Amino acid sequence: GKGIAVFTSGGDSQGMNAAVRAVVRFGIYLGCKVYFIKEGYQGMVDGGDNIEEANWSSVSCIIHKGGTVIGSARCKDFRERAGRLKAAKNLVMKGITNLVVIGGDGSLTGANLFRQEWGSLLDELLQTDQITKEDRAKYSHLHIAGMVGSIDNDFCGTDMTIGTDSALHRIIEAIDAIAATAYSHQRTFIMEVMGRHCGYLALVAALTSEADIVFIPEWPPSADWPAKMCKKLQQERAAGQRLNIIIVSEGAIDRDGQPITAEKVKEVVVEKLNQDTRITVLGHVQRGGSPSAFDRVLGCRMGAEAVMALMEATPETEACVVSLDGNQAVRLPLMECVERTKAVAKAMADKNWDLAVQLRGRS
Ligand code: F6P
């Protein structure tokens with residue numbers, strides 16, 4: 001059977017374990033030898049015990065766990081050719097020519113580069129007598145299938161990344177809890193949520209928790225936002241509301257590109273309205289806890305589809321990313337999605353927010 005390895009890379013997210021489990025079990029079911037690569041790309045470079053054959057029971061009892069049981073890392077060595085050369089040798093030694101990578105855009109880009117370089121890496125290994133001529137011929141193509149694991153939902157091409165739904169559950173549970181105490185003391189709470197440069201978590205959290213105001217990077221307000229915000233907060237209080245909730249995405253900015261931080265918002269509320277105000281920064285709680293049913297199913301479906309993609313790959317097949325389109329698992333060219341995701345980052349940096357939002361949408 002084919003040699004497949006699965007690894008998780010970059011920031012962890014809930015549902016990654018479901019994806020790993022699906023890859024292992026579906027791979028074994030189809031007669032493949034399936035390996036874990038532990039600690040992401042670092043494990044691939046270091047080899048040894050980091051690359052371990054999986055069996056049916058080695059993925060038992062993980063579907064309900066948050067994080068990733070096989071570890072994840074942000075790896076410097078793999079960015080250098082010397083690191084990738086070591087990684088290639090480690091894979092060839094185990095007969096692995098199929099990789100399933102679960103991570104964000106950086107991790108997926110790395111995988112694609114590795115695939116493009118594969119032939120020349122093998123040539124170098126042969127020239128330096130690290131592999132045999134037979135190995136060079138037998139393992140001449142590397143196939144890649146990616147899945148996007150991230151709480152941020154910041155990847156172009158998929159409607160939902162694995163982990164976003166669970167993070168939202170964590171966030172709205174926290175907001176509901178805060179709202180109860182805010183109500184009792186007639187307070188204003190400012191909640192900072194994650195998402196890096198993507199406001200998805202903040203926006204959906206605000207919509208589903210009846211927040212009064214939300215600040216997100218894709219919709220920066222003009223510099224007079226403090227006055228507008230205060231007017232809205234006052235209106236709500238005048239209408240009998242006992243509390244105010246303001247959601248601030250960690251990447252929020254104003255039209256001039258100035259960060260809108262929870263501290264800044266608090267300063268304004270206290271100074272202009274003299275409201276009793278507190279800040280809650282949710283932090284990594286959002287990335288922990290058990291995955292939601294949605295993320296478990298998403299991980300399972302994506303994992304199975306990734307294995308199918310590898311089974312059907314020919315030497316000409318480009319690297320793909322398994323994505324959710326409506327309710328369908330689809331395969332998209334990995335590099336096109338990565339390029340579009342990069343174009344979003346550029347549009348945001350250029351302050352062309354409309355273009356960024358347009359690019360994020362479906363093509
Ligand atoms: O990409 C996931 C994420 O949790 C972001 O929302 C956040 O900005 C970042 O990772 C935090 O990174 P770290 O875990 O390295 O502190």
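For ligands, and for the atoms within them, numbers begin at 1 and follow the listed sequence. None of the values given here were measured: they were computed from a predicted structure.
- Atom CH2 of Trp353 is surrounded by more than 12 heavy atoms from other residues, nucleotides or ligands within 6.0 Å.
- Considering each of Leu201, Asp152, Ile151, Asn153, the one bringing a non-hydrogen atom nearest atom 1 (O) of ligand 1 is Asp152.
- Using a 4.0 Å cut-off between a side-chain N of Lys or Arg and a carboxylate O of Asp or Glu, Asp123 and Arg136 qualify as a salt bridge.
- For atom 8 (O) of ligand 1, the closest non-hydrogen atom of the protein is Glu250 OE2, 2.5 Å.
- Evaluated by nearest non-hydrogen atom to atom 16 (O) of ligand 1, the leading choice among His284, Arg74, His197 is His284.
- Classification of the Phe78-Tyr41 ring pair by plane angle, with boundaries at 30° and 60°, yields parallel.
- Nearest protein heavy-atom neighbour of atom 9 (C) of ligand 1: Arg196 NH2, 3.5 Å.
- Salt-bridge annotation for Glu218 and Arg360: present, with a side-chain N of the basic residue lying under 4.0 Å from a carboxylate O of the acidic one.
- Put simply, the side chain of Ser166 gets close to the backbone of Ser292: a donor and an acceptor are under 3.5 Å apart.
- Nearest protein heavy-atom contact of atom 11 (C) of ligand 1 is Arg287 NH1, 3.7 Å.
- Looking at Met194 next to ligand 1, no N or O pair under 3.5 Å apart turns up.
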